Protein chains: 2
Amino acid sequence: MRVLLVGAGGVGTAVTRIAARRDFLAHMVVADYDPARAEAAVAALPERADRFSARRLDASDAEAVRRVLVEERCDVLLNATDPRFVMPLFEAALAAGAHYVDMAMSLSVPHPSAPHEECGVKLGDEQFARAGEWERAGRLALVGMGVEPGLSDVFARYAADELFDGIDEIGVRDGANLTVEGHDFAPSFSIWTTIEECLNPPVVYEKGRGWFTTAPFSEPEVFDFPEGIGPVECVNVEHEEVLLIPRWVDARRVTFKYGLGDDFITKLKTLHELGLDATAKVTVPGADGPVEVSPRDVVAACLPDPATLGDRMKGKTCAGTWVKGTRDGAAREVYLYHVVDNEWSMREYGSQAVVWQTAVNPVIALELLASGAWKGSGVLGPEALPPRPFLDLLTAYGTPWGLREEPARS
Amino acid sequence: MRVLLVGAGGVGTAVTRIAARRDFLAHMVVADYDPARAEAAVAALPERADRFSARRLDASDAEAVRRVLVEERCDVLLNATDPRFVMPLFEAALAAGAHYVDMAMSLSVPHPSAPHEECGVKLGDEQFARAGEWERAGRLALVGMGVEPGLSDVFARYAADELFDGIDEIGVRDGANLTVEGHDFAPSFSIWTTIEECLNPPVVYEKGRGWFTTAPFSEPEVFDFPEGIGPVECVNVEHEEVLLIPRWVDARRVTFKYGLGDDFITKLKTLHELGLDATAKVTVPGADGPVEVSPRDVVAACLPDPATLGDRMKGKTCAGTWVKGTRDGAAREVYLYHVVDNEWSMREYGSQAVVWQTAVNPVIALELLASGAWKGSGVLGPEALPPRPFLDLLTAYGTPWGLREEPARS
């Protein structure tokens, strides 16, 4: 299999390190807007680096991306850029006759008059609108194939296939106990994306009612995460799983809650109340007169770059799917999860835990597509494909998943 | 008396409106870096505007200020700029042989190794270091002569002279119940200055120990403000009164607490934890490549300009001095205070309450200097001068002060 990887940031770089250890890959072209980032990712590979090449590519230029896919005879485009570039890369892959894999989905737009009650444009709507073209072309766009969305969706399908007769609720729950030495506050993931996720109206699915939204930070609950992470306050956040899971898995309710913790929630609310989450530019004094800047960019510039924090970070991150339903006539409740310890991912791969956990899942998906264990056409989420081979390969990659049987409540 | 007013912002403009109604003023030159602001202040005066003239002046250029003082034959310079310009204006007045009045004092610098325990350079240190030159010149620099510092210092001296035999503690307490229609969060005073005051280490005075500092937001207490404002959470804040009062008034302890309220305290802490209070520049994307901006300027740009909020503001602001001590062998406790209702200050002067309350006090001081009721040389705080004539004139200006006798506690 020949792959065009677009984006050599934290996640893209971890993708190269994981893929370099696997045999299925014939060649990976590592492309970035900044050619030095692409070259650095390739140069850092300790083994079998001859299968990798670096080049400059502007992800916003769909025609340039299409040309590279054809020139490099790539079977699949793996998108490791931020969600603003989903649509040009998705278009480019279709135009080139390549398969496409991403880790997020096309962006949402809040409802103009009732943003905290009704959906406007939903996450992925733009991609699903093009499903017919992908089907007719016999090509697969596998969307939301990171850890969350991604592995969390595989867990949902696995629960439906093998663990439950009927499902009441599927609740994705994400939490961590990561700390960074020398920083009172240092988010382990892009603050730009975190603000986007957390301040957009969260989306919830209920059978019969369909998708609807709530106010940000709604339905707070304390969830007890496994492997020593412990209880963390979680709130509803807009996330792709809520849009993906109900399309293929039968459940009465689907939610996503993020374990932000009290402190982070307060900080995000404050940024919003002060208008500092805004992307629209404001005018401020510069060295040579007034300049226009986006407040959210200034927030990001004041915090350390999360990709550089791995060696001062301590703790674990957990992604998982909490399922409540019935089995053999009795109530059942399980939490299917995957934990990465930062110390392990730094030692094994030189990548921090959150970034590594995101990156491993699309590499497994590529391997399943290469082997034919996963195949399909159209626009599909991870829960549209058989979960067992994916979960087995995750364990084979040296990073096993877990199942916690909860005491069932009435 | 001929006055050079430097700064035609909110406070400077209110100064012109208050002074225009008084006879003591022969002429006031209204100067600003932006000549349009100076001209607008003069043009807006409804009565006896012939005594006012406008001109452009750069407050950072001490020699230019000195020349204007001489040319315009001014007896006194009134500084209504922000604290960065205290030193050049103070120097210019001394060089021109004029008196000088300001409403803040030269800035502090935290202690390099123990910022939350020991003082570094204190508020006003630079000015007091020059006291001998002012004494030899026979000229007066009256520093900290706004409402807080200013009226609060006059209250302290009044308590010592007329209400107490011995004083245990003098605690300046500032609180308000102002709200702004259409804004969840709209500070009524410059956010730049508020951040500076609140995030610098607060200073406390204790007899025997001298001045020392604490961590920001220390010693929270709920203070019950009069005239319907009610209880507000107050915390220690760095303020000039703590440096001024012990120089002239005998007290065992002097503090300043600002009624920020829970919500504002959380917001300021968050700005600090995210590094958004910083004045040092960060690099962010601009329209034509990277630009350098100060995060604190971006915070200010995201909030409405407090000077423009008067007509949508509701509520009252209170400045005052809480004194605990003994009288005739018994414990006594009083709160001396001054409340301005925004509705009244907008109707009477077209100035919002906080700005108007700051501006009225230096005008009264100028009138006392013009009449000879206040006189002196050197660098003096308001508590160095007799309080009675000041308090009587405050009442005569139509804005009386109050005394609340507290039930004495053991």
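Not measured: the values here are computed from a predicted model.
Rounding to the nearest 0.5 Å gives a distance of 4.5 Å between CG of A:L276 and SG of B:C302.
A:Y33 OH: 12 or fewer foreign heavy atoms inside a 6.0 Å radius. More than 12 heavy-atom neighbours from other residues, nucleotides or ligands sit within 6.0 angstrom of CD on B:E63. Open room surrounds NE2 on B:H272; 12 or fewer heavy atoms of other groups in view lie less than 6.0 Å from it.
Proximity to chain B involves both the backbone and the side chain of A:V298, based on heavy atoms less than 4.5 angstrom apart. Both the backbone and the side chain of B:E273 come within contact range of chain A, each with at least one heavy atom under 4.5 Å from a heavy atom of that chain. Of the atoms belonging to A:I191, not a single heavy atom falls under 4.5 Å from chain B. Interface remark: B:K281 contributes side-chain atoms only to the contact with chain A (heavy atom separation under 4.5 Å).
Counting heavy atoms from C-beta on, the side chains of A:T270 and B:L274 never come closer than 4.5 Å.
Counting all heavy atoms, side chain and backbone alike, A:D297 lies closest to B:V284 at O-CG1, 3.7 Å.
The greatest number of non-hydrogen atom pairs below 4.5 Å with chain B, out of A:A300, A:P285, A:P295, is found for A:P285.
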